[in-house]
Novice: 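Provided herewith is a single structure, encoded as structure tokens, for subsequent inquiry.
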Amino acid sequence: MMRRRVPSATALLVGLLWLTGCGKTSSAPAAPVALPPQTPSPAPVSPLVTSASSTPRSTEKSPPSKSSLPPNTDPKNLFLVSAVGESTIVESLNATLPSDEFTLATADTAKDSTQFVVNSVGIPSQPQYSGSGKADPKFVLPKGFSPVKAWGYSDDGLPMRIECKKTESVLALVPAGTAIIGSDEGDSQCRPSFKVQLDTYYMELLEVTVESYERYRSDLREKKKPAPAAAGNASGDRRMPAMGVLFPAAQSYARWAGMELPTEAEFEKAARGPTGLRAPWGNGKSLWSSREVTTVGSYAADCSVYGIFDLANNAKEWCSDHYSATAHKDAAATASEKELHNWAGPKTVKDMNLRVVKGDGPDWSAWHREGHDISKGHPDIGFRCVLRIK
């Protein structure tokens, strides 16, 4: 267990944290990301944890200098608890104490939390992912999509959240810029890392659910068109990710909704952010050990810097790229000579039936990748969609 020393300045309560090791919830929040800022929302709030390998965003407060900390402090046990950068040190103990429960003055998501699980939180009036910019009057979304105005606009005037009217799903803005793909420390098919320039796109906050996939099938039947087979888990909870769906059917669903399946690069940027974190929550360890697939959005800490859920845990997900074990090596060689723009994998591969699958890697590293046969219904593979902005 852990004990805390809390500075006296932590008077403003926004969260409740249990220092009880790793854990997960078993039921999904109700529409955690579609609620407007004025309504309490179950979007996750996690402590800001620093570690030796962390890569903080530019908006983060710097941790206190080493001279202000006790000697030999483990950086994994240091996190900020106030806007002015006050620190809390947690220490190992052999027994549970009443002080194992404490409040935080501020909290943030997608950081290096190696030991903590948020039990319940209070949400600020303006969510972390809302924008303060002004709408660009020249920007027009494709037909069938509308901005969720309550979440505001980016500095470039783009809506931070949009809704697909056909699927009733909410999508998050992923701004144009650099994505770090792959790793220099993963297994051979993930090496080496390289950079890709990606245009702006929106990604669904949650995996496509059984309910949404059934709505698609019903629409096709009503229009007297052939409908694909139901998801492999169609008889279960309709809030579960639709799994066991053949790649062509997932691709058809995306196009029916006016979207596409993400590329491997788009998936990784959405999960790793612009700085190439190891996982959506940062470079630290995961907050759970179970691999149970649950209803979408149940893993509150599995949330990226863009506010997108379930990119590390829960169902694996189809990507549009053809799979090659040497794709990263080949792409890195090309990137050394010219900039890669909207990289979408190799054009030709030995086995054209294999497509890239992302998520749910051995240690939940976002660079993990697999190749799976598109003609088979894999019971643990789901999908989500993206909308590319030109």
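Because the structure is predicted, anything quoted here is derived from the model rather than measured. What's counted below: heavy atoms across the whole structure, side chains too, no hydrogens, waters or symmetry copies.
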Novice: Y153, I162: one ILVMFWY side-chain cluster at the under-4.5 Å cut-off?
Specialist: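 Y153 and I162: separate clusters.
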
Novice: The criterion is ring pair (Phe, Tyr, Trp, His ring centres under 6.0 Å); which residues satisfy it with F383, sequence neighbours excluded?
Specialist: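 F383 satisfies ring pair (Phe, Tyr, Trp, His ring centres under 6.0 Å) with Y253 only.
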
Novice: Have a look at D219 and tell me which of R217, R215, K223 forms a salt bridge (Lys or Arg N to Asp or Glu O under 4.0 Å) with it.
Specialist: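 Of the listed residues R217, R215, K223, the salt bridge (Lys or Arg N to Asp or Glu O under 4.0 Å) partner of D219 is K223.
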
Novice: Roughly how far, to the nearest 0.5 Å, is the OG atom of S154 from the CZ atom of F139?
Specialist: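 Reported value, rounded in 0.5 Å steps: 9.0 Å.
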
Novice: NZ of K195 to CD1 of I181: how many Å apart, nearest 0.5 Å?
Specialist: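 Those atoms lie 11.5 Å apart.
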
Novice: Indicate the atoms forming the closest heavy-atom contact of P192 with A332, along with that distance.
Specialist: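 Closest approach of P192 to A332, heavy atoms only: CG-CB, 3.5 Å.
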
Novice: Can you confirm whether S298 sits close enough to N314 that some side-chain heavy atom of one is under 4.5 Å from a side-chain heavy atom of the other?
Specialist: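 Side-chain contact under 4.5 Å: no.
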
Novice: For the residue pair S130 and M160, establish whether any side-chain heavy-atom pair is separated by less than 4.5 Å.
Specialist: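 Answer no - side chains too far apart.
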
Novice: Looking at every heavy atom in both M203 and P262, which two are closest together, and how far apart are they?
Specialist: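 What the structure gives for the nearest pair is CE-CB, 3.9 Å.
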
Novice: Could you check whether any side-chain heavy atom of L220 comes within less than 4.5 Å of a side-chain heavy atom of P228, counting everything from C-beta outward?
Specialist: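 Yes - at least one pair of side-chain heavy atoms lies under 4.5 Å apart.
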
Novice: Tell me whether the NZ or CZ atom of R291 lies within the 45° cone about the ring axis of W364 and under 6.0 Å from its centre.
Specialist: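 Ring-cation test returns yes.
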
Novice: Checking S320 against E260 for the side-chain contact (heavy atoms from CB on, under 4.5 Å) test, could you report, in this order, the C-alpha distance in whole Å, the side-chain angles of both residues, the deciding distance, and whether it holds?
Specialist: CA-CA 8 Å; S320 60; E260 299 286 344; over 6 Å; no

Novice: From L173 CG over to I308 CD1, what is the distance, rounded to the nearest 0.5 angstrom?
Specialist: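 Rounded to the nearest 0.5 Å, the CG-CD1 separation comes out at 9.0 Å.
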
Novice: Would you say N233's side chain and M243's backbone share a donor-acceptor pair under 3.5 angstrom?
Specialist: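 Judged by distance alone, yes, a pair lies under 3.5 Å.
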
Novice: Measure across P280 and D302 and return the closest heavy-atom pair with its distance rounded to 0.1 Å.
Specialist: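 Result for this residue pair: CG-OD1, 3.4 Å.
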
Novice: For residues 224-248, which residue pairs pass the ring-ring contact (aromatic ring centres under 6.0 Å, His included) check, not counting sequence neighbours?
Specialist: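 Sorted result for residues 224-248: F247-W318.
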
Novice: Using side-chain contact (heavy atoms from CB on, under 4.5 Å) as the criterion, list what pairs up with S218, not counting sequence neighbours.
Specialist: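 Applying side-chain contact (heavy atoms from CB on, under 4.5 Å) to S218 gives R221.
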
Novice: Hydrophobic side-chain clustering at under 4.5 Å (ILVMFWY, transitive links): who's grouped with Y323? Put none if nobody.
Specialist: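 Noted: Y323 shares its cluster with L354, V356.
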
Novice: With rounding to the nearest 0.5 Å, note down the distance linking CD1 in I374 to CE in M352.
Specialist: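 One gets 8.5 Å once the value is rounded to the nearest 0.5 Å.
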
Novice: Going by the salt bridge (charged side-chain N to carboxylate O under 4.0 Å, His left out) test, which pairs reach into residues 378-390, not counting sequence neighbours?
Specialist: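 Checked against salt bridge (charged side-chain N to carboxylate O under 4.0 Å, His left out) - neighbours excluded - the pairs reaching residues 378-390 are E266-R388, E317-R384.
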
Novice: With a 3.5 Å distance limit and no angle check, can you tell me whether K358 reaches the backbone of H368 through a side-chain donor-acceptor pair?
Specialist: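 Yes: the side chain of K358 pairs with the backbone of H368.
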
Novice: OG1/T263 to CD/E268 distance, rounded to the nearest 0.5 angstrom?
Specialist: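 Here the rounded value is 9.5 Å.
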
Novice: Just how far is it from atom CG of D321 to atom CZ of R355, taken to the nearest 0.5 Å?
Specialist: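 These two atoms lie 8.0 Å from each other.
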
Novice: Tell me, with the steps shown, if Y201 and K269 meet side-chain contact (heavy atoms from CB on, under 4.5 Å).
Specialist: CA-CA 11 Å; Y201 62 98; K269 183 176 181 181; 3.6 Å; yes

Novice: Does one hydrophobic cluster hold both V174 and L205, with members joined at side-chain heavy-atom distances below 4.5 Å?
Specialist: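 Looking at the clustering, L205 is in the same group as V174.
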
Novice: Look only at the side chain of E207 and the backbone of V296, and say whether a donor-acceptor pair between them is shorter than 3.5 Å.
Specialist: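 Looks like no, no N/O pair under 3.5 Å.
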
Novice: Do V210 and D237 touch side chain to side chain, with heavy atoms closer than 4.5 Å?
Specialist: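 Answer no - side chains too far apart.
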
Novice: So, D156 side chain and L158 main chain: donor-acceptor pair closer than 3.5 Å or not?
Specialist: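 No, because the side chain of D156 does not come within donor-acceptor range (under 3.5 Å) of the backbone of L158.
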
Novice: Of the non-hydrogen atoms in P274 and Y306, which two are nearest, and what is the gap between them?
Specialist: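 P274 and Y306 have their closest heavy atoms at CD-OH, 3.2 Å.
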
Novice: Tell me every residue that passes ring pair (Phe, Tyr, Trp, His ring centres under 6.0 Å) with H372, counting only those two or more places apart in sequence or in another chain.
Specialist: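 Listed in chain order: H378.
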
Novice: Any side-chain heavy atom of T275 sitting closer than 4.5 Å to one from I180?
Specialist: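 T275 vs I180: side chains apart.
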
Novice: State, yes or no, whether a side-chain contact exists between T178 and V196 at a heavy-atom distance under 4.5 Å.
Specialist: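 When only atoms from C-beta onward are counted, V196 and T178 do not touch, as no gap falls below 4.5 Å.
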
Novice: When clusters are formed by joining ILVMFWY residues with side-chain heavy atoms under 4.5 Å apart, either directly or through shared neighbours, do V208 and Y216 land in the same one?
Specialist: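 Hydrophobic grouping puts V208 with Y216.
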
Novice: Under 3.5 Å, sequence neighbours excluded: what are the donor-acceptor pairs made by side chains of residues 342-350?
Specialist:
{"residue": "N342", "atom": "OD1", "partner": "D199", "partner atom": "N", "Å": "2.9"}
{"residue": "N342", "atom": "ND2", "partner": "D199", "partner atom": "OD2", "Å": "2.9"}

Novice: May I ask you to decide whether E214 forms a salt bridge with R238, counting only side-chain N to carboxylate O separations under 4.0 Å?
Specialist: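 Between R238 and E214 there is no salt bridge, as every charged N stays at least 4.0 Å from the carboxylate O atoms.
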
Novice: Show the nearest heavy-atom pair for residues F267 and C319, with the distance to one decimal.
Specialist: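 Result for this residue pair: CB-SG, 4.0 Å.
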
Novice: Pairs in or reaching into residues 170-187: which pass salt bridge (charged side-chain N to carboxylate O under 4.0 Å, His left out), with residues at least two apart or in two chains?
Specialist: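 Output for this query is empty, none listed.
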
Novice: For S169 and E163, test the side chains for any donor-to-acceptor distance below 3.5 angstrom and give the result as yes or no.
Specialist: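 Not at all, the side chains of S169 and E163 share no donor-acceptor pair under 3.5 Å.
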
Novice: Looking at K166 and W256, would you say the former's side chain and the latter's main chain have a donor-acceptor pair under 3.5 Å?
Specialist: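 Such a contact is found between K166 side chain and W256 backbone.
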
Novice: Keeping the roles fixed (side chain from T326, backbone from K329), state whether a donor-acceptor pair exists under 3.5 Å.
Specialist: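 No, T326 side chain to K329 backbone: no donor-acceptor pair under 3.5 Å.
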
Novice: Of all residues at least two apart in sequence or in a different chain, which pass the ring pair (Phe, Tyr, Trp, His ring centres under 6.0 Å) check with Y202?
Specialist: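 Applying ring pair (Phe, Tyr, Trp, His ring centres under 6.0 Å) to Y202 gives none.
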
Novice: Enumerate the ring-ring contact (aromatic ring centres under 6.0 Å, His included) contacts for residues 154-186, please, sequence neighbours excluded, ordered by first and then second residue.
Specialist: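 Qualifying pairs: none.
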
Novice: What pairs of residues pass the side-chain hydrogen bond (donor to acceptor under 3.5 Å, both in side chains) test when at least one of them lies in residues 137-147, not counting sequence neighbours?
Specialist: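 Those involving residues 137-147 do not exist here.
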
Novice: Determine whether P241 and V293 make a side-chain contact, defined as any pair of heavy atoms from C-beta on separated by less than 4.5 Å.
Specialist: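 Yes, close enough: below the 4.5 Å cut-off.
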
Novice: If hydrophobic clusters are built by linking Ile, Leu, Val, Met, Phe, Trp and Tyr wherever their side-chain heavy atoms come under 4.5 Å apart, do L261 and L387 end up in the same one?
Specialist: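 Result: no, two separate clusters.
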
Novice: Can you name the closest pair of heavy atoms from A300 and F309 and give their distance?
Specialist: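 Closest heavy-atom pair between A300 and F309: O-CE2, 4.1 Å.
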
Novice: Let me check something: do Y213 and L171 share a hydrophobic cluster, defined by ILVMFWY side-chain heavy atoms less than 4.5 Å apart, either directly or through other members?
Specialist: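 No, Y213 does not connect to L171 through the hydrophobic network.
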
Novice: D363: what forms a side-chain contact (heavy atoms from CB on, under 4.5 Å) with it, not counting sequence neighbours?
Specialist: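 Counting only residues at least two positions away or on another chain, D363 forms a side-chain contact (heavy atoms from CB on, under 4.5 Å) with R278, S365.
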
